[in-house]
Amino acid sequence: MKRTILSLILLALQAATLLAQPQFGQQPKLVVGIVVDQMRWDYLSRYYDQFTADGFRRLIDGGFSCDNCLINYFPTVTAIGHTSVYTGTTPAFHGICGNNFYIDGRKTYCTADTTVSVVGTDNMKKGQMSPRNMLSSTIGDQLRLHTDFGAKVVGISYKDRAAILPAGHSANAAYWLDTKNLQFITSTYYMAELPEWVKLENRRLKQNRDVQKAGEDIGLSPLCGTITTDMAIAALRGEHLGKGKHTDMLCVSYSQTDVIGHRYSPRSEQTDQAYLQLDRDLGRLLRALDAQVGRGQYLLFLTADHGGAHNWKFMQDHKLPAGPWEDPGVKNSVEAYIAKKLGNTRPVIMAELDYRYYLDRDAIAAQGLDYERVKAVAIECLRQTPHVSFVVDFERAAQQSLPPFIRDRALMGYHYRRSGDILVVPDPGYYSYGRWSSPIGTTHGEWNPYDAHIPLLFFGWNVSHGATSREVHINDIAPTVCQMLHIQQPNACSGEAIVEVFDD
């Protein structure tokens with residue numbers, strides 16, 4: 001009798017689970033992906049009481065929150081984060097190893113593509129862009145494949161990389177802002193001419209006095225998020241997203257939060273203003289989605305590409321360990337150390353990017369030096385450098401005496417043709433201080449929770465209300481969405497679906 005009752009209970013639980021999951025043939029009308037650049041996870045609680053009921057709080061109170069979502073690779077920077085969200089994998093597989101990185105010794109901007117031309121401006125530097133440097137497919141690519149390319153996929157952001165990489169290779173369009181002319185533009189990778197609805201939106205920008213007054217510094221204004229939202233709503237209507245036969249996808253990335261964070265840091269009044277305005281803009285976007293697609297008819301997720309450290313001076317003022325990591329000074333010291341040890345007369349370090357050192361193999365060979373010896377001497381010097389926790393030899397990371405946590409993240413972020421040779425892991429609270437960080441601002445890029453603990457909210461179609469504290473990762477987002485849609489995962493996906501999102 002006891003066994004019979006137990007069997008009945010198990011069958012009932014299995015049936016309930018199956019009923020809770022999205023059934024084959026059922027799909028939302030639209031998927032909306034939102035990435036907020038440099039948003040720390042703790043901002044959800046920090047600003048909760050100040051958020052309106054229509055924006056972030058609607059997502060938190062009515063959706064599902066993954067409270068322990070971590071980035072599981074080095075380095076934690078914008079292009080990598082956006083790519084990892086939508087591909088379900090990490091730089092080891094998708095190949096976007098930074099905003100800038102080297103491909104076989106050639107410095108490359110993540111979305112640079114000299115084979116295409118700009119559309120919508122005469123500013124060539126802002127328009128020769130495409131996703132061709134990305135090696136894997138995205139959620140949108142899989143959605144397009146699944147529907148024989150009937151689904152529409154559109155990416156929108158202030159930053160080119162934040163519009164292009166999420167939308168994927170087969171996207172119908174990606175639009176980003178030409179900050180010189182304050183117009184949304186694209187490239188011939190997608191189209192030969194801007195659609196009429198984009199031209200109309202650009203005319204509105206020309207007539208917007210606040211936008212024109214902000215000028216090329218628009219990224220430092222919360223208004224940047226407002227015009228990104230305006231463009232997203234215009235795309236929703238102009239492309240009739242969520243109105244067709246197939247599930248469409250809209251990828252929206254908010255970048256002003258990152259620009260403001262770099263300049264002013266997390267604890268600033270400017271950051272407060274940016275998030276409270278973003279909350280209002282999210283409310284507008286959700287209302288537009290309700291009106292066009294219908295409540296409960298769209299699946300939305302919101303996350304971040306990375307977080308951000310507290311300003312090191314702020315931390316020191318409050319007796320907390322922190323400080324600047326002097327990138328150029330360390331690089332020069334390593335060069336001098338190698339020259340003293342090995343006698344070379346020409347530099348052998350090609351570059352230092354995101355705590356990674358790229359050795360110049362041609363310069364090493366031309367001077368009759370041994371590559372492995374040069375690398376060993378460089379590592380020897382870096383290990384003696386103040387405020388260094390670990391130095392990782394990428395090619396030998398699996399054999400080094402490293403904490404598994406550090407080793408695994410180093411390997412997940414390492415692509416042998418694109419990531420350089422040596423990774424430096426600074427002490428907690430120490431970070432690069434220079435181009436991307438003002439004296440009162442901050443930056444990001446490391447494994448620590450301030451950079452790697454990000455928000456992850458799911459909302460809408462077939463999403464259960466609730467939360468989990470189970471550790472999940474940035475590359476789990478894409479397989480979760482794909483499982484809910486019953487489509488194949490991106491072709492290099494290494495994450496796992498977060499079943500709590502749709503299990504009741």
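Everything numeric here is computed off the predicted structure, so don't read it as measured data.
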Less than 6.0 angstrom separating the ring centers of [X] and [Y], yes or no?
| X | Y | answer |
| --- | --- | --- |
| H94 | H415 | no |
| W197 | Y175 | yes |
| Y43 | Y275 | yes |
| F314 | H318 | yes |
| F458 | F64 | no |
| Y73 | W447 | no |

Does the ring of Y450 carry R40 above it, NZ/CZ under 6.0 angstrom from centre and within 45° of its axis? no
Within 45 degrees of the ring normal and closer than 6.0 Å to the centroid, is that where the cationic atom of R58 sits relative to F56? no
May I ask you to decide if S221's main-chain N or O and Q256's side chain share a donor-acceptor pair within less than 3.5 Å? no
To the closest 0.5 Å, what do you measure between NE2 (H169) and OH (Y189)? 6.5 Å
Count the heavy atoms belonging to other residues, nucleotides or ligands that lie under 6.0 Å from NZ of K213, then report whether that count exceeds 12. no
For D290 and Y298, which I'm curious about, is there any donor-acceptor pair between the side chains at under 3.5 Å? yes
For residues N72 and N475, is any side-chain donor paired with an opposing acceptor at under 3.5 Å? yes
Tell me whether [X] is salt-bridged to [Y], with the criterion being a basic N under 4.0 Å from an acidic carboxylate O.
| X | Y | result |
| --- | --- | --- |
| D178 | K180 | no |
| K159 | D258 | yes |
| K331 | E352 | no |
| D272 | R267 | no |

Are any of the side-chain heavy atoms of Y158 and I218 separated by less than 4.5 Å? yes
Using side-chain hydrogen bond (donor to acceptor under 3.5 Å, both in side chains), reason through S157 and Y254 one step at a time and then give a plain yes or no. CA-CA 6 Å; S157 184; Y254 289 100; over 6 Å; no
